[in-house]
Amino acid sequence: MIHRYTKLAFALGMAVMVAGCHHNKVNNPIANLDSKQPDKVLFDRAMDAMKHGKYDVARITLQTLINTYPDSEYIARAKLAVGDSWYAEGSTASYQQAEVEYKDFITFFPNLPEAAEAQLKIADMHYKEMEKPDRDYTHAMRAEDEYRQLIQQWPDNTKLVPIAKQRLREVQEVLAERQYRIGRFYFLRESYPAAIARLKTLTDAYPLYSQADDALMMLGRAYENEATMIKNSKMLEAPKMRLVKEYQANAAQMYDKIIQRYPLSDRVDDARAHLKDLGQPIPTPTKEAIAEYKAEQESRSQLGRLSTVMSNFHKAPNDLVRASKVGEPPLVDPQPASAPDIIRAAATTALGIGNTGTSNVNVEQVSPDATKSDPVPHSEPVPGASATPAPGASATADTGAAAGTASPPAAVPATASTSSDPAIGELTPNTAPPAAQPATAPPADNAAGSTNANAGSNSNASSDTPPQAPPQVNEVQNGTGTASGTPSATSASSSTADEGSSSSKKKKKKGLKKLVPF
């Protein structure tokens, strides 16, 4: 008798241990076939190891099969089984490895029927990792994308496409619930542009959402409340009335959608009352819309009290049972709305900009002053210019000295344009006789003096005067750091400031005496 109880307790303990180990079940149709081929023997050993939970041994055996027999008829199944070994472990890290293996299998064997199965397992992994609507929604978005890819890439797979559609409805229920909560949060805090953006995106993207009628009602009220705030503002009367009419028309459109798309909803009476207050006609729903909505509501389920309490201790969402089991889930998301776009659209409406892009706002154009703005043609002499540079034009002489060139005489006509400022003379090559020109160009430091000689003095004076040596960098002369015969930095900067071309002063050059050895 005691021996019998001992056996019973041992059996119960083993059952509890087996039930506590969570592993995903993987079926392989050719795993139990007897064969003496060496590649088949390796494949059977790997499947037996996976059956007993030895996933590392199974992966090593499968990699041996793939590397040793690359032309085997079991090579595709072996690659798929590597992903199945990671998928069977059921952890987050193993799911990531399984997704990589399944993606590789789909890339190398896209025409095999197992490719759709691999795609479904990729979506199921994100489906199992999905969290509640108020938490991270990364896996929910990934699951939605993967299920949509399966439906679009293998639409003729009658076995897997219905499964993918139903799970896609459940995933979209979670995503829609997230948008609904955020939109309601903004609505209660009277941030109507943000609430409109969230709720409009929800109602456009997820028409099968279980609370879509509530979202449309809230969206219509947000439009009406925004119109009331604009009506009570201190805007001009014309743009105010345009905005009010725009928001009221949008609100009426949302109420119409409630009556036509969800005709048996509890929000239908409220929608009709709001349409009556807005002075809009009340639509009549069709029989097809009534039958469609009735089928959707009958397919939904509700959690019991115990399940609702226990769901608080799990990260998985409890909104999946409320998802509809009929209807086509949307496979393409519409353009999402955003609060900045809504505000810009309201500003466009207030300015009176229509679809043609024309505006009622007039802009006064002021004709510019021709005497101040129009440039003087370079082919004509500057009005009022003389042969000798004026005292205010010393900045030009200083610029020429710094560049190592001289200004041409006023009697020589300008042939090439080198400056766009009409107050600065044209720089052209000297056209004096060859005997009157020096053999070499004057030094840079004497360019300012040679300018005055070319302007009105005898041309032989510059050739009789010996050239002066350029000042050294470390020399300090006249207490200003400039060589004799060169225009001072102070006068140049002051004349430059008078002309309006520059307001900065040249910095004094510091010699090597300032350096302190370390």
Side-chain angles (χ1 to χ4, degrees), residues 19-25 87 90-92 94-95 99 120-148 150-151 162-188 195 198-199 201-219 261-262 264-267 293-331 333:
C21 299
H22 173 69
H23 296 293
N24 294 319
K25 185 178 180 181
Y87 176 78
S91 62
T92 303
S94 63
Y95 280 163
E99 183 175 358
L120 180 62
K121 290 179 180 179
I122 292 174
D124 288 343
M125 288 186 293
H126 293 288
Y127 178 86
K128 294 176 181 178
E129 293 290 315
M130 193 167 51
E131 299 185 15
K132 288 182 172 62
D134 56 348
R135 300 181 184 178
D136 187 13
Y137 63 100
T138 302
H139 289 289
M141 295 292 294
R142 287 295 312 277
E144 183 185 28
D145 294 338
E146 300 298 339
Y147 283 128
R148 284 176 172 177
L150 170 61
I151 297 171
I163 299 175
K165 285 186 177 181
Q166 178 55 34
R167 292 179 182 173
L168 179 59
R169 297 187 196 99
E170 297 175 0
V171 171
Q172 290 180 348
E173 180 75 17
V174 176
L175 293 174
E177 178 67 21
R178 173 181 173 272
Q179 294 282 5
Y180 177 81
R181 295 184 183 183
I182 298 175
R184 184 173 179 272
F185 173 85
Y186 286 126
F187 178 80
L188 294 177
R198 292 288 181 170
L199 295 174
T201 302
L202 161 64
T203 55
D204 292 343
Y206 307 112
L208 295 177
Y209 175 51
S210 59
Q211 301 184 64
D213 52 347
D214 292 338
L216 285 172
M217 177 58 64
M218 195 182 304
L219 180 57
R261 178 62 180 82
Y262 310 98
L264 300 180
S265 171
D266 298 336
R267 297 292 185 178
Y293 181 74
K294 186 176 180 181
E296 291 175 3
Q297 292 300 108
E298 290 177 353
S299 65
R300 304 182 193 274
S301 303
Q302 296 292 335
L303 284 177
R305 294 182 179 180
L306 180 61
S307 300
T308 304
V309 174
M310 296 302 297
S311 64
N312 297 323
F313 300 96
H314 303 284
K315 73 172 185 177
N318 54 1
D319 307 285
L320 303 180
V321 296
R322 295 188 303 176
S324 175
K325 297 178 178 58
V326 296
E328 291 294 326
L331 302 180
D333 289 333

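We number each residue from 1, following the sequence as shown. Predicted model only: the values in this text are computed from it and were never measured.
Distance NZ/Lys325 to CD/Glu296: 12.0 Å, rounded to 0.5 Å. The CG atom of Asp124 lies 10.5 Å from the CE atom of Met130; values are rounded to the nearest 0.5 Å. Atom CG in Asp134 sits 5.0 Å away from atom CZ in Arg181 (nearest 0.5 Å). Put simply, CD1 on Ile151 and CD on Glu146 are 12.0 Å apart, with the number rounded to the nearest 0.5 Å. Note that CG of Leu219 is 9.5 Å distant from OG1 of Thr201, once rounded to the nearest 0.5 Å. Distance check, rounded to the nearest 0.5 Å: CG of Leu199 to CD1 of Ile182 gives 10.5 Å.
In this structure, Asp333 and Arg148 have side chains that are in contact, with non-hydrogen atoms separated by less than 4.5 Å. Residues Gln172 and Leu208 have side chains not in contact (no heavy-atom distance under 4.5 Å, counting atoms from C-beta outward). Looking only at side-chain heavy atoms (C-beta outward), Arg198 and Arg178 come within less than 4.5 Å of each other.
No more than 12 heavy atoms of other residues, nucleotides or ligands lie within 6.0 Å of CZ in Arg184, so this atom counts as exposed by the packing criterion. The environment of Tyr186 atom OH is sparse: at most 12 non-hydrogen atoms of other residues, nucleotides or ligands sit within 6.0 angstrom. In this structure, Asp266 places its CG atom where only 12 or fewer heavy-atom neighbours from other residues, nucleotides or ligands lie under 6.0 Å away. Around atom OH of Tyr206, more than 12 heavy atoms belonging to other residues, nucleotides or ligands sit under 6.0 Å away.
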(request) Start with the C-alpha distance between Leu150 and Ile122, add both sets of side-chain angles, then the distance that settles side-chain contact (heavy atoms from CB on, under 4.5 Å), and finish with yes or no. (result) CA-CA 10 Å; Leu150 170 61; Ile122 292 174; over 6 Å; no
(message) Show, in sequence, the C-alpha distance, side-chain angles and deciding distance for Arg169 and Gln166, and conclude whether the side-chain hydrogen bond (donor to acceptor under 3.5 Å, both in side chains) test is met.
(response) CA-CA 5 Å; Arg169 297 187 196 99; Gln166 178 55 34; 2.7 Å; yes
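Across every non-hydrogen atom of Leu202 and Ala215, the tightest pair is CD2-CB, 3.6 Å. In this structure, Ser299 and Ser324 approach most closely via the heavy-atom pair OG-OG, 3.4 Å. For Pro207 against Asp204, the heavy-atom pair with the smallest separation is CD-O, 4.5 Å. In terms of heavy atoms, Asn318 sits closest to Val321 at O-CG2, 4.1 Å. The two residues Ala143 and Val171 have their closest heavy-atom pair at CB-CG2, 4.1 Å. Taking both residues in full, the closest heavy atoms of Ser94 and Gly90 are given as OG-N, 3.6 Å, listed atom of the first, atom of the second, then distance.
In this structure, His139 and His126 have tilted ring planes: the angle between them lies in the 30° to 60° band.
Cation-pi check for Arg167 over Tyr147 is not met; the charged atom does not lie both under 6.0 angstrom from the ring centroid and within 45 degrees of its normal.
In terms of the side-chain contact (heavy atoms from CB on, under 4.5 Å) criterion, Asp145 has no residue partners (sequence neighbours excluded). For Asp214, the side-chain hydrogen bond (donor to acceptor under 3.5 Å, both in side chains) partners two or more places apart in sequence, or in a different chain, are Arg267. For the side-chain contact (heavy atoms from CB on, under 4.5 Å) test, residues two or more places apart in sequence or in another chain that qualify with Arg322 are Glu173, Glu177, Ser210, Gln211, Gln302, Asp319. The ring pair (Phe, Tyr, Trp, His ring centres under 6.0 Å) search around Tyr293 returns Tyr262, not counting sequence neighbours. Scanning for side-chain hydrogen bond (donor to acceptor under 3.5 Å, both in side chains) contacts around Glu328 gives Lys165, with sequence neighbours left out. Annotation: salt bridge (charged side-chain N to carboxylate O under 4.0 Å, His left out) contacts of Glu129 (sequence neighbours excluded): Lys315.
Without hydrogens or angle criteria, Glu170 side chain to Tyr127 main chain gives no donor-acceptor distance under 3.5 Å.
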